[in-house]
Structure formats: structure tokens, C-alpha cells
Amino acid sequence: STLRIWGSAGNIVVPNPWFPRQGENKIIVHRAGADPEEVIVTADRELYAIEADTVARYLNDKQAPSPCMTWDDSLGNMKTLDQWRRSVGLSFDEEKLDALKMPVSRQPLKVRSDHKMQYGRVAGVDKPVSRLVMGSMMLHASDMPYVCALLDYFVEIGGTAIDTAWVYGGGQSERAVGQWMQLRGNREHIVLIGKGAHTPHCDVDGINRQLPESLERLQTDYIDLYLLHRDNPDVPVGAFVECLNEHLRAGRIRAFGGSNWSTERLQAANDYAAAHGLVGFVASSPNFSLAVWNEPQWAGCLSASDKASRDWYEQTQMPLFAWSSQAKGFFTGRAHREDISDQEMVRVWHNEDNFKRLARAQELAKKKGTTATQIALAYVLCQPFPTFALIGPRTIEEMRTSALGLEVELTAGELRWLNLEDEHLAEI
């Protein structure tokens, strides 16, 4: 094949449609004021084949060598182009709702036969609950291609549980999940976790107003597990229990619990329910992770990482849905003592004990052939009481690597050692 290029000296550009074919390729360059220059390019394959083979060769290493673009460069280009398209209102037919009725594979959505997902049970919920729970805070109804790609992959790896909240994205997160379930027709296969009554609306009126709004946004007539997003100690537990039982009897929810409720208030609520012949709280969703925070990331949040709380969950066997189960990426390699550029990370997670936990997670990860972040996730999943880990991956790759934590088994001794409760790790 032959390509002719005309241009001024030092400004020769090869047009995108041209690519070398197998064999000898001739480029004839015409520079102003100079004789034509012939350049021969020899290729043993077509360029597209070279590109495909190079990518395949380096997939396991996650990166091809220079001068290939890095994966981050490629993704960055795509994100920038996507932002530009949104700014000018440009969308493709493939991104419209009619085209999103099928996954990008154009095959019906199904669970992979080789998935490693684990499942648990929650009283009142008649479906298996995946122990990895997909968070929806970053999902927005204005970007349904992204929503579909993430949630489709979550289902493919065996995920069933999706965590939502009335307050997320001003309602756009709930709308996104609802639209996706409509596109896939899979509502009955999804364990929908909803949250409502966030401060300053943490009262009976807040529940009665927000729950119907959530149902409308989610395009469903019931939520599998409804959690009170915050607690309000000024409201007697009995008022919350009575209200939630009314919605339970009406079929709007199948089970309920509390998010960021103390163990004392949870116990009081269930004591009230037992004394009055009512259904009590069946689940709780506090922060829980290997790292222990200095202070809550958001006002009104509670953690169950302390020993007294862990003892209560072990005694009651109440299922715990751990948010920020990976400590906002503390174990991914982002956290360093000397790096204070991320002020939020520093404020919440930087302390000497957490850096010791990080070092131990890294040490144990080397022994087990895994990563520190997967050790941290396994710490949550291997507790002596039912646990479910809420994760918030922003890419399919983040979700894939998080799921590898399901395959890590930790002993009781390893749990204690990771949490600095034992000085030495017992030999395995």
C-alpha cells in the first residue's frame, strides 16, 4: 500500500484511516522545497493484528511496554471525550434507552457459571443475598450506559444485592437503579436495599414521606430490606418500630433494620417489638472495616469496629451490612504516612494503628498470594457473625479485584493479629 503526505517541514501527519498491511508499505513524503522522500515500512501483520496480539500478550501484566499507551491514558482519553460529549449534548444511538435493553454483549444477562459469589440470608427476605453488596451512590440516571455496564457486570459475577438511599444524588441514584431494573426485567432477582429518614428528617413523618418517593423512583412496589439511614434518639424506638410494621403489613417493605444505629438502640427496638408482638429489626448497617476511623466521615455515622460492638453482633447474630468496608481505599496503596494530600483520608483514617494494620495486611497478603485490600475485605467477611460488605467500585476492574476478596479465608487467629489484638501471628 502507498500513502502520499504533503506538508511543511516538521509537520507531517499520517491520517488516521491509513494503516500498514502485511508486507511492504510505501510512504511518499512531499516536503515544500524538497524532492519527494520515500519511506518503506515493512510489517509481518496488519496493524490491527499487531495491536490485538500486543494487548493479549501483556494482559496479565496489566500494561504493555512503551511506546504503547498506558491503560490509564486510554481510560483518561475516553473519560475526557465522554465529558466533552456531555457538555455539547452529543450522544450515540447505542447509548439511548432502546439500545440499552440488552447488555453490550447483545446476549441476555446471566450469571457466569464460574462465579465465586457467596450468599447469606436475612429474615423476611426470600432471596439469596450476595455477600458483596453494590453501592449506588455514584450512579446517576443521566448516565445509563455507565450504570448498565457496572450493574450488568455485578450480576454476571453473582451479585444480587444493591444498596440505595433516598438522599443519594438527589434521587438520581434510585432512578438509575430503577431504570436499569426496568431495562433488564429482573426486579424479582434483585435484593433491593433502600434507606430513608436521613437527618434532619429522621422521624416517622420522614419515613412516611420518603418511602413512597423511593418506590416511585425505583419503579417498584416494594423494597426487600428497608434501613433507617440515621437514628434519632429523641424519637422513642417504639414509634419507629410501629411505623415500620405498618409499612411491612402494607407490603411496601419485606424487612427492615437500621443504618448507623448503636447496638443499644437496636437492642431496645427489638425488646420493644418482642414485648408488643411486632416484627423487629433484622439487620444493621454501620461502618465496619479493618481500619478504625479517627472520627466519622459524615456526621451521625457510627462504626461497629470496636470490640464491644463486635461482641454484641456475635451474640445476637444480627446480619451486619458494612459500609466503607475497605476504608475508602486505605488498603489499596493510596495511604502513606508522609502523603497528606488527601485531607479527607488523613482526617478519617490516618493513625499509627491503622498503618500497623496496613503493614500486617500487606505481610499476610504476600503469604496468601493476594493483595492487602483483599485481605481487608476478607477481614469483614470472615467475622463470627453474618456480614455483608458494601462496595462502591467505579470501574469494572475495581469490582473484579474486590470480588477476589471472597476467595480469601482468614482464621480467628489471623483476624486477631490483623486487628492488633495479638502481637504474633500463629503459624498456620
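If you're wondering where the values come from, they're calculated on a predicted model, not measured in any experiment.
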Distance flag, aromatic centroids of F256 and Y226, threshold under 6.0 Å: no
Between Q297 and W349: side-chain donor-acceptor atoms closer than 3.5 Å: no
Between S284 and Y313: side-chain donor-acceptor atoms closer than 3.5 Å: yes
Pair Q315-D311, side-chain donor/acceptor within less than 3.5 Å: no
Closest non-hydrogen atom pair, I396 against A149: CD1-O, 4.0 Å
Side chain to side chain donor-acceptor pair (under 3.5 Å) contacts touching residues 232-245 (sequence neighbours left out): E242-Y272
N419 side chain to R357 side chain, donor-acceptor N/O pair below 3.5 angstrom: yes
Geometric cation-pi criterion R187 and Y222, 6.0 Å radius, 45° cone: yes
Exceeds 12 heavy-atom contacts within 6.0 angstrom, atom CZ of R394: no
Note, Q118 side chain near S130 side chain (heavy atom, < 4.5 Å): no
N/O donor-acceptor pair under 3.5 Å between S325 side chain and L390 backbone: yes
Heavy-atom check, side chain of I391 versus side chain of Q326, under 4.5 Å: yes
Between N354 and W293, a side-chain donor and acceptor under 3.5 Å: no
Closest non-hydrogen atom pair between A389 and L377, with its separation: CB-CD1, 3.6 Å
Nearest non-hydrogen partners of A273 and V241, listed with the distance: CB-CG1, 4.0 Å
K368 side chain near L410 side chain, heavy-atom distance below 4.5 Å: yes
Side chain proximity check, Y379 to Q374, heavy atoms < 4.5 angstrom: no
Criterion salt bridge (charged side-chain N to carboxylate O under 4.0 Å, His left out) on R360 and E363, from CA distance to verdict: CA-CA 5 Å; R360 291 189 178 190; E363 180 181 340; over 6 Å; no
Side chains of T80 and Q83, donor plus acceptor under 3.5 Å: no
Evaluation steps, salt bridge (charged side-chain N to carboxylate O under 4.0 Å, His left out), between K356 and E423: CA-CA 11 Å; K356 290 177 183 177; E423 185 64 28; over 6 Å; no
R416 bridged to D422 by N-O distance under 4.0 Å: yes
Minimum side-chain heavy-atom gap L228-C202 below 4.5 Å: no
Nearest atoms (heavy-atom pairs only) where I193 meets A161: CD1-CB, 4.4 Å
Contact summary for P319 and R121, nearest pair of heavy atoms: CG-O, 4.2 Å
Lys/Arg N to Asp/Glu carboxylate O, D82 vs K79, below 4.0 Å: no
Atom of W84, atom of S87 and distance for their closest heavy-atom approach: O-OG, 2.6 Å
Pairs satisfying side chain to side chain donor-acceptor pair (under 3.5 Å), at least one member in residues 97-113, at least two apart: R112-E156
Exercise: do S305 and S303 side chains pair donor with acceptor under 3.5 Å: yes
Modelled atom types, side-chain donor and acceptor of E213 and W166, under 3.5 Å: yes
Donor-acceptor under 3.5 Å (R86 side chain, L81 main chain): no
Check: V177 and L139 side chains under 4.5 Å, non-hydrogen atoms: yes
Side-chain heavy atoms of F154 within contact of L150, under 4.5 Å: no
Heavy-atom donor-acceptor pair, N294 side chain to R347 backbone, under 3.5 Å: yes
Under 3.5 Å: donor-acceptor pair, side chain of S259, backbone of L227: no
Within-4.5 Å side-chain heavy-atom neighbours: L215 and R252: yes
F355 and F330 aromatic ring geometry - parallel, tilted or perpendicular at 30°/60° bounds: tilted
Any donor-acceptor N/O pair, E414 side chain to T411 backbone, under 3.5 Å: yes
Check: N186 side chain, H189 main-chain N or O, donor-acceptor pair, under 3.5 Å: no
salt_bridge(R209, D205) N-O dist < 4.0 Å: no
Distance-only polar pair, side chains of R85 and S91, donor-acceptor under 3.5 Å: no
Exercise: do D152 and W180 side chains pair donor with acceptor under 3.5 Å: yes
Flag if over 12 foreign heavy atoms under 6.0 Å of CD, E216: no
Check: H229 main-chain N/O paired with N260 side-chain donor or acceptor under 3.5 Å: yes
Under 3.5 Å: donor-acceptor pair, side chain of Q210, backbone of G196: no
Test item: H140 side-chain N/O and S142 main-chain N/O as donor-acceptor pair under 3.5 Å: yes
CD1 (I340) with more than 12 external heavy atoms under 6.0 Å: no
Whether F385 and F288 hold their rings parallel, tilted or perpendicular, with breakpoints at 30° and 60°: perpendicular
Under 3.5 Å donor-acceptor, N270 side chain and F281 backbone: yes
